[in-house]
Protein chains: 2
Amino acid sequence: MIESTLVSVDVLALRFDTGARAVLLGISERPQEPFAGALALPGVLLRRGERLRDAAVRAAADKLGVKVRATGQLITFDEPSRDPRGPTLSVALWAAVDPSAAGRTWVPLDDVPHLAFDHDRIVADCRPLLRDRLWRDPAFTAGLLGTEFTTAQALDLTEALTGERPYPANLGRTMERVPGLRRTTQHAASLPKGGRPPSVWRWEQPAAQA
Amino acid sequence: MIESTLVSVDVLALRFDTGARAVLLGISERPQEPFAGALALPGVLLRRGERLRDAAVRAAADKLGVKVRATGQLITFDEPSRDPRGPTLSVALWAAVDPSAAGRTWVPLDDVPHLAFDHDRIVADCRPLLRDRLWRDPAFTAGLLGTEFTTAQALDLTEALTGERPYPANLGRTMERVPGLRRTTQHAASLPKGGRPPSVWRWEQPAAQA
DNA sequence: ACAAAAGTGTTTTTTATACACCCATGG
DNA sequence: CCATGGGTGTATAAAAAACACTTTTGT
């Protein structure tokens, strides 16, 4: 079976920074050739019998030192020349990671520096897919926001992913249509500048994977 | 690199039968173990350096004896036990094939018999994705309908994929919004029972791959 | 002339977006 | 009591679906 192509899993590790109101992408410096010292998406070679999700979790742990909350498939890249070591399939997965972990290098999703391999292309091709998953894919959305979040955070996340800040009223209606999501009677403490305290939303179950 | 997983490409080969007004799925009897004699999706092991599309074309040619018009990615299946020979990733692709070729076994997409491996699951999981591609993915739509087709065929194909027959008027407006698709001034000969002859539609360019 | 099927124009329904105004908090 | 921002209700716009009626063919 020496003639088969190798498979790598490359991860778009995402973290929602509530303070900066931005979605951050986790990247890491490559420790060895090829592209030693260059920045790249965290990726690992898929082990025999390993599931894609497990490989993504492993990549995030090894290369970023973070714990993954949820993952999902994006696209598979198959240009034979994408890895100088030889033909390697790359299955791109998104991974929502815990925002508490400090981790290594995090960059705004809309301002990613040049990356090794064909990772610039991977990020570019996957960017619109991530945007489409917000509010439509509960695992994705819950992974970024956590099990409990405020309307203010939802507004910020939506603006970060779509580029437009929705009207609070309309977003509230959108969220009420998301299966598994419930508005609670709680209210968060409001921001330093004052303003009405936003209500808290919560996911009912752990929200199944996509 | 002995510890890497193998990759197979499994193809949902689709053919639009204008006579039967149905979308047919190409399946083939497995010539050897495992599942010798059982029906399965045409699939091949991905060769080193081979592109997914090329592997899909090869699978369709080898197992079905048909020529492929267009292909596209669907999902990747990664259950380690899906192939009794050992862990094998399966990348599912759709392929639109020329309807003229007689080929081997063709079954209605909505009445697929039990298949080997996890191919029942692949068909079930991919079915809604195919439905979503109609009129949205020009390569997919053009692949099924050919470069020139009538409104009547468009109605039939839509009914076959979505389960509902649209109003001719509304489908016409939908088609006018599809990039690259133009209504010609030609009219096809009408059906035996009479009725107004439908107009002919044509794709401008060969319609790029998705 | 009649039945069948496509096409044109219009109405109705649904959904998404925008807005006006009220509410709750910090300064 | 004013600034700040979330929330409720409603208006407007855009998109989708449904319908009435005309056109073009075969019998």
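Reminder, nothing fancy here: chain letters follow the sequence lines and each chain counts from 1.
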Within the 4.5 Å heavy-atom criterion, are [X] and [Y] side-chain neighbours or not?
{"X": "B:H114", "Y": "B:D120", "answer": "yes"}
{"X": "A:R182", "Y": "A:E176", "answer": "no"}
{"X": "A:F35", "Y": "A:L115", "answer": "no"}

- Message: On the nucleotide D:dT8, are OP1 or OP2 found under 4.0 Å from the side-chain N or O atoms that A:R183 carries?
- Response: yes
- Query: Counting just side-chain N and O atoms, does B:T151 come under 4.0 Å of either OP1 or OP2 of C:dG7?
  - Reply: yes
- Between P of D:dG6 and CZ of A:R196, the distance in whole Å: 10 Å
- Note on the structure: To the nearest angstrom, the CD-P distance between B:Q186 and D:dT24 comes to 17 Å
- Taking atom types as modelled and ignoring hydrogens, do the side chains of B:T158 and B:W135 form a donor-acceptor contact shorter than 3.5 angstrom? yes
- Listed nucleotide nearest any side-chain atom of B:S199, set D:dG5, D:dT8, C:dG7: C:dG7
- Message: Please give me every residue in residues 154-179 of chain B whose heavy atoms get under 4.0 Å of an atom in DNA chain C, ordered by residue number.
- Response: B:L155, B:A169, B:R173
- Query: If you round to the nearest 0.5 Å, how far is CG of B:L25 from CH2 of B:W106?
  - Reply: 7.5 Å
- Rounded to the nearest 0.5 Å, the CG atom of B:L93 sits from the CZ atom of B:R53 at a distance of 8.5 Å
- At under 4.0 Å between heavy atoms, what does B:A152 touch on the DNA or RNA strands: base, sugar-phosphate, or nothing? sugar-phosphate
